[in-house]
Number of protein chains: 2
Amino acid sequence: VSSKDFLQIPILEFIISAEKVAHVQLGNNAEHALLVLTKTGYSSIPVLDVKYRLQGLISSQQITDEILGLEHIEYERLPDLKVDDIMKKDIAVIHVDEKFQKGLDLLVDNPYICVVDDEKTFLGILTRRVILKQMKKYLYQ
Amino acid sequence: VSSKDFLQIPILEFIISAEKVAHVQLGNNAEHALLVLTKTGYSSIPVLDVKYRLQGLISSQQITDEILGLEHIEYERLPDLKVDDIMKKDIAVIHVDEKFQKGLDLLVDNPYICVVDDEKTFLGILTRRVILKQMKKYLYQ
Ligand SMILES: Nc1ncnc2c1ncn2[C@@H]1O[C@@H]2COP(=O)(O)O[C@H]3[C@@H](O)[C@H](n4cnc5c(N)ncnc54)O[C@@H]3COP(=O)(O)O[C@H]2[C@H]1O
Ligand SMILES: Nc1ncnc2c1ncn2[C@@H]1O[C@@H]2COP(=O)(O)O[C@H]3[C@@H](O)[C@H](n4cnc5c(N)ncnc54)O[C@@H]3COP(=O)(O)O[C@H]2[C@H]1O
């Protein structure tokens with residue numbers, strides 16, 4: 001496989017599909033989100049709305065940063081905070097029909113990229129781990 | 001550059017050196033560690049001893065998991081917990097004289113790898129971002 005052909009491989013086969021991706025819903029509170037993050041062990045996960053459209057990304061770091069008080073970490077405020085107000089909204093996404101080259105470009109600066117269709121429906125994620133596994137196969141050939 | 005030569009490039013030029021790496025010390029409490037993690041924005045950082053030797057890795061997920069009580073998240077316990085008891089001790093490391101190939105192998109399953117010398121002195125880290133940037137250069141040539 002030439003590098004040119006390798007970069008043109010569709011990302012479709014490398015996507016971790018939506019049903020395997022831990023996420024939270026718009027309207028969920030920060031305590032629920034922190035529990036999901038801690039229990040699944042992921043440092044950042046997508047936030048979706050009822051129609052399964054991508055709305056943002058939420059991380060435990062963002063949640064803790066939000067409740068860092070002057071005296072102590074204000075954990076009592078967690079049930080009152082919505083993920084909507086904490087999550088990162090301007091996020092990189094990749095269209096499901098894109099090629100490996102675009103995925104690689106975006107994964108240089110992001111641990112994972114959310115995959116969407118024309119309706120912004122969340123279809124899954126593309127991760128650095130999957131990309132690195134493919135690069136390894138390519139280099140070892 | 002052939003893939004064979006590329007895989008044999010020494011990791012030395014890609015290491016983020018120790019003085020640029022956020023870390024905590026053995027004996028620090030979990031509250032201090034959580035503050036460092038939240039303020040620097042990193043999800044996981046190394047734990048070093050007074051001689052700058054690598055002792056483990058600590059993440060905000062590990063800290064929160066430790067204080068997840070039945071009723072509520074027990075943040076009041078944070079000052080009493082030491083990073084020594086929470087951190088991950090069996091961690092992948094890479095020797096400073098290693099080549100790119102070894103770095104790539106380890107970074108498939110780890111977001112970053114700590115670089116050490118023969119005395120287990122912490123010298124810096126090798127990250128997925130740096131490796132991906134190099135792979136991009138290699139593929140685009
Ligand atoms: N339960 C687990 N089993 C095996 N390995 C695990 C794991 N949790 C974490 N890792 C390893 O740690 C890396 C960083 O995970 P992190 O949660 O910070 O960062 C993750 C997380 O934010 C997100 N992610 C990955 N899989 C996910 C999923 N199923 N649901 C939600 N988010 C996911 O994508 C980022 C990059 O993932 P990537 O696989 O490249 O890289 C993962 C993977 O190599
Ligand atoms: N302040 C910042 N400025 C720019 N980009 C940032 C950033 N904080 C995070 N990122 C981006 O997010 C990725 C994941 O960061 P994370 O903290 O989960 O995971 C990080 C963190 O656990 C550790 N790490 C990286 N640089 C570090 C440093 N200077 N000190 C301590 N730990 C570091 O290595 C992991 C992988 O780092 P990598 O660079 O491959 O990947 C980073 C980078 O692409």
Side-chain angles (χ1 to χ4, degrees), chain A residues 1-9 30-31 33-44 59-69 72-79 100-112 127-141, chain B residues 1-9 30-44 59-69 72-79 100-101 103-112 127-141:
Chain A
V1 185
S2 73
S3 66
K4 202 161 177 300
D5 291 338
F6 181 62
L7 289 170
Q8 290 308 309
I9 295 174
E31 184 175 50
L34 191 57
L35 284 170
V36 174
L37 286 158
T38 304
K39 284 308 181 191
T40 59
Y42 294 118
S43 60
S44 162
S59 71
S60 32
Q61 188 265 343
Q62 286 162 338
I63 294 170
T64 311
D65 203 29
E66 191 69 25
I67 55 169
L68 229 46
H72 64 276
I73 303 174
E74 298 164 0
Y75 286 103
E76 61 276 9
R77 291 178 46 212
L78 284 177
F100 196 87
Q101 177 167 346
K102 183 86 191 251
L104 175 59
D105 284 354
L106 291 169
L107 287 168
V108 165
D109 288 318
N110 299 281
Y112 69 109
T127 64
R128 279 175 170 171
R129 181 172 180 276
V130 165
I131 292 291
L132 286 165
K133 278 179 85 171
Q134 297 312 313
M135 316 239 51
K136 197 176 153 182
K137 276 191 196 169
Y138 171 79
L139 288 167
Y140 279 44
Q141 71 179 337
Chain B
V1 183
S2 74
S3 66
K4 202 164 178 297
D5 292 338
F6 181 63
L7 289 169
Q8 289 310 307
I9 294 173
E31 184 175 49
H32 170 75
L34 192 57
L35 284 170
V36 174
L37 287 159
T38 304
K39 284 308 181 194
T40 59
Y42 294 117
S43 60
S44 162
S59 72
S60 33
Q61 189 264 342
Q62 286 163 338
I63 295 171
T64 312
D65 203 28
E66 190 69 23
I67 56 169
L68 230 46
H72 65 274
I73 303 174
E74 298 165 358
Y75 288 102
E76 61 277 8
R77 290 179 44 213
L78 283 177
F100 196 88
Q101 178 167 345
L104 175 58
D105 284 352
L106 291 169
L107 287 168
V108 165
D109 287 317
N110 299 282
Y112 70 109
T127 64
R128 279 175 171 172
R129 181 172 180 275
V130 166
I131 292 290
L132 285 165
K133 278 179 86 169
Q134 298 313 312
M135 316 239 50
K136 196 177 153 179
K137 276 191 196 170
Y138 171 79
L139 289 167
Y140 280 43
Q141 72 180 337

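Atom set for the values below is all heavy atoms of this structure, side chains included, hydrogens, waters and symmetry mates excluded. Convention: sequence-line order gives letters A, B, ...; per-chain numbering from 1.
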task = With a 4.5 angstrom heavy-atom cut-off, could you sort out which part of A:T64 is near chain B: side chain, backbone, both or neither?
result = both
Proximal component of A:I63, with respect to chain B [non-hydrogen, under 4.5 Å] = neither
inquiry  = Apply side-chain contact (heavy atoms from CB on, under 4.5 Å) to residues A:L139 and B:M135 and explain how you reach the verdict.
reply    = CA-CA 10 Å; A:L139 288 167; B:M135 316 239 50; 3.1 Å; yes
key: Engaged part of A:Q62 at the chain B interface, taking heavy atoms whose separation is under 4.5 Å   = neither
ask   = Which bit of B:Y42 is near chain A, if near means a heavy-atom gap under 4.5 Å: side chain, backbone, both or neither?
value = neither
message = Within this structure, what is the CG-OG distance for the pair B:L34 and A:S60, rounded to the nearest 0.5 Å?
response = 9.0 Å
request  = Among the options A:L35, A:V130, A:I73, A:L68, pick out the one with the most heavy-atom pairs lying under 4.5 Å from chain B.
outcome  = A:L68
remark   = In this structure, OG1 of A:T127 is separated from CZ of B:R128 (nearest 0.5 Å) by 7.5 Å
inquiry  = With side-chain contact (heavy atoms from CB on, under 4.5 Å) as the criterion, how do B:Q61 and A:L37 come out once you've worked through the C-alpha distance, each side chain's angles and the decisive distance to 0.1 Å?
reply    = CA-CA 8 Å; B:Q61 189 264 342; A:L37 286 158; over 6 Å; no
ask   = Among B:L104, B:D109, B:V108, which residue meets the side chain to side chain contact (heavy atoms under 4.5 Å, CB included) test with A:K133?
value = B:V108
inquiry  = Return the CG to CG distance between A:L132 and B:N110, rounded to the nearest 0.5 Å.
reply    = 11.0 Å
request  = Any chance you could measure B:I131, atom CD1, to A:I131, atom CD1, to the nearest 0.5 Å?
outcome  = 15.0 Å
key: chain A contact via B:E76 - side chain, backbone, both or neither, heavy atoms under 4.5 Å   = neither
query = Heavy-atom distance under 4.5 Å between the side chains of B:L107 and A:R129, does that happen here?
reply = no
